[in-house]
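Have a look at this one.
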There are 2 protein chains.
Amino acid sequence: MSKPGAQVLMTLRQQIASGELPGGTRLAEIPTAQALGVSRMPVRMALRILEQEGLLVRAGARGYTVRSVTLDDIVAAVEVRGVLEGLAALRAAERGLDQVADTALRQCLADGDALFAKGHLIEGDIAAYEDMNIRFHEVLLAAGGSQAIREALMRNDHLPFASVKALAADKNDLEREFRRLNYAHMQHHAVYDALAKGQGARAEALMREHANATLAYTDLLSGLSS
Amino acid sequence: MSKPGAQVLMTLRQQIASGELPGGTRLAEIPTAQALGVSRMPVRMALRILEQEGLLVRAGARGYTVRSVTLDDIVAAVEVRGVLEGLAALRAAERGLDQVADTALRQCLADGDALFAKGHLIEGDIAAYEDMNIRFHEVLLAAGGSQAIREALMRNDHLPFASVKALAADKNDLEREFRRLNYAHMQHHAVYDALAKGQGARAEALMREHANATLAYTDLLSGLSS
DNA sequence: CGGCTTATTATTGGATCCAATTAAGGGCAA
DNA sequence: TTGCCCTTAATTGGATCCAATAATAAGCCG
């Protein structure tokens, strides 16, 4: 209630991401405003922003509809994330890691090693891995030292499932997740090795491939529009 | 007057791109609204959109300031454009060119050849080359067949000087421009050759390098903030 | 009976008004 | 004289109102 604008934006984002508003749903100002208990103004702002982010598309001259996102869309967005993070890794390797970045990355690797050392995963480990994973990618991006890459990535990550933060782990099959996440973590190790040795091309190629590790195809197939 | 909203947006974009509103300039709603002769509402919309596009940054909790764009920012944005168009080229090569794309690209090459055949450039040729250049990049992007790449590029191109459309030709030194644009056109030829032969990696590498052809460093150095 | 035209309604965009928040400046006290 | 607090002004965000526009439905004419 303190910030209706931000509230509306968050709510709509969440409803779109969660599938509560499936692709193709028409969003008019007045009904949504009434549904959320605010005036039309914050809704208008939110709709414009969500359009800019690519979550909504204009329905002719009359309002917006929720974007229908296909599996191909997600794969393409992940591919884009791959080349962008790859470029960040290339630049980081060429510039060299500074002290704090090096320490942070080593910490990420150690945290991951601790998770996998016991040979299996327990429920809380998924969240711990996600946290470490986000940190790793964030540090790497910062080490790339390019505002343009950061912005392009932030824009790209608006798409549901495309972000690093949405790695869609299946908590019901911890055995399978162990292998998947362990593989991803090994890629982290390899990327760090390449960075430390100044091997830009290798770091880039690894990060490009690593983007695919986010995808858990079978899980994604359910709950997609069109 | 028919469309105050779009008018305000266009005007502000142009004033920012032209340097009439230099980096760091504070933009408050009321003064700009009065200056443009409209109410605060379309200005508010425009400011939000321009913030999303990255042309404005928030000044604390009070209004926006025009983003200061450095030469490094532009180089980084061009680098990002390179990897994105490179990815589009890679995908286009792997998917294969369809009939209309192939024809359109050949037409672009022929148009360019005609321009350079006479051994020198005349004033109107610059505009003709720009037109052909935009067409070439557009067709290639379409051939990549990825909405994610297109969106990432569109967002990246909002930055002044970063877009394909801003190749900053120096009309006072047509001799130098002849060599520069001819080189760029040769890269177009090479990219098409790679595409036609299904050489994805080659096409990608060429497009990545080709992005740099937009930059005319000496011309850009003047008129930049900070 | 069907197509075209017109009228009505739904919906967005713009303007003005109001409240809330923050920054700045001045005054008072130590 | 300086620092802190209080008051005031400026500016943004939200709500309501009004106008313009497009879509839909109904009625009339062919």
Side-chain angles (χ1 to χ4, degrees), chain A residues 1-16 20-68 151 154-155 158 225, chain B residues 1-16 20-68 151 154-155 158 225:
Chain A
M1 199 199 293
S2 51
K3 313 259 183 221
Q7 194 67 28
V8 168
L9 196 58
M10 282 207 318
T11 305
L12 288 179
R13 265 215 208 91
Q14 181 190 336
Q15 287 181 341
I16 293 173
E20 188 176 339
L21 292 174
T25 305
R26 173 130 180 246
L27 274 185
E29 286 182 6
I30 299 180
T32 39
Q34 287 176 343
L36 298 180
V38 293
S39 88
R40 283 176 50 207
M41 199 56 58
V43 175
R44 243 152 97 175
M45 296 293 185
L47 292 183
R48 298 299 176 81
I49 291 177
L50 293 173
E51 183 202 8
Q52 284 277 320
E53 291 181 357
L55 272 70
L56 300 179
V57 293
R58 302 204 67 112
R62 276 305 167 73
Y64 300 89
T65 58
V66 177
R67 169 173 181 181
S68 290
E151 285 171 13
M154 276 181 46
R155 264 96 187 226
H158 281 134
S225 45
Chain B
M1 200 199 293
S2 52
K3 311 262 181 217
Q7 194 67 29
V8 168
L9 197 57
M10 282 207 319
T11 305
L12 287 179
R13 264 213 208 92
Q14 181 191 336
Q15 287 181 341
I16 293 173
E20 187 175 339
L21 291 174
T25 305
R26 171 127 182 249
L27 275 185
E29 287 182 7
I30 300 179
T32 36
Q34 288 176 342
L36 299 180
V38 294
S39 87
R40 282 176 51 207
M41 199 57 56
V43 175
R44 244 151 96 175
M45 296 293 185
L47 292 183
R48 297 299 174 81
I49 291 177
L50 293 173
E51 182 202 9
Q52 284 277 320
E53 290 181 359
L55 273 68
L56 300 180
V57 292
R58 302 203 66 111
R62 278 302 168 73
Y64 300 89
T65 57
V66 177
R67 170 175 180 178
S68 291
E151 285 172 14
M154 277 181 47
R155 264 96 187 228
H158 280 134
S225 46

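So you know, we letter chains A, B, ... as the sequences are listed, proteins then strands, and number each from 1. The model shown is predicted, which means the values in this text are computed figures rather than measured ones.
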Exercise for the section: Whole angstrom is fine here: how far is it from CZ in B:R44 over to C1' in D:dT11? Expected result: 11 Å
Practice task
Select from B:R40 and A:M41 the residue whose nearest nucleotide in DNA chain D is closer to the 5' end of that strand.
Solution key: B:R40
Problem - Side-chain N or O of B:R48 closer than 4.0 Å to phosphate OP1/OP2 of D:dG13 - result: yes
Handout entry: 5′-ward residue of the pair A:S39/B:I30 relative to DNA chain D
Key = B:I30
Exercise for the section: Write down the distance between CZ (B:R26) and P (D:dT12), rounded to a whole number of angstrom. Expected result: 6 Å
Exercise for the section: Heavy atoms only: give me the nearest A:A46-A:V8 pair and the separation to one decimal. Expected result: CB-CG1, 3.7 Å
Completion exercise
A:R62 atom CZ is separated from C:dA10 atom P, nearest whole Å, by 11 Å
Practice task
Mind checking A:G60 for me? I need base, sugar-phosphate or nothing, with any heavy atom below 4.0 Å counting as a touch.
Solution key: nothing
Handout entry: Heavy-atom pair with the smallest gap, counting every atom of A:L50 and A:R13
Key = CD2-CG, 3.7 Å
Exercise for the section: Send over the distance from B:L47 CG to D:dT11 C1', rounded to a whole Å. Expected result: 12 Å
Exercise for the section: Check for a donor-acceptor pair, side chain of A:R67 on one end and backbone N or O of A:G54 on the other, with a separation under 3.5 Å. Expected result: yes
Handout entry: Rounded distance (Å) that lies between atom C1' of D:dT12 and atom CE of A:M45
Key = 10 Å
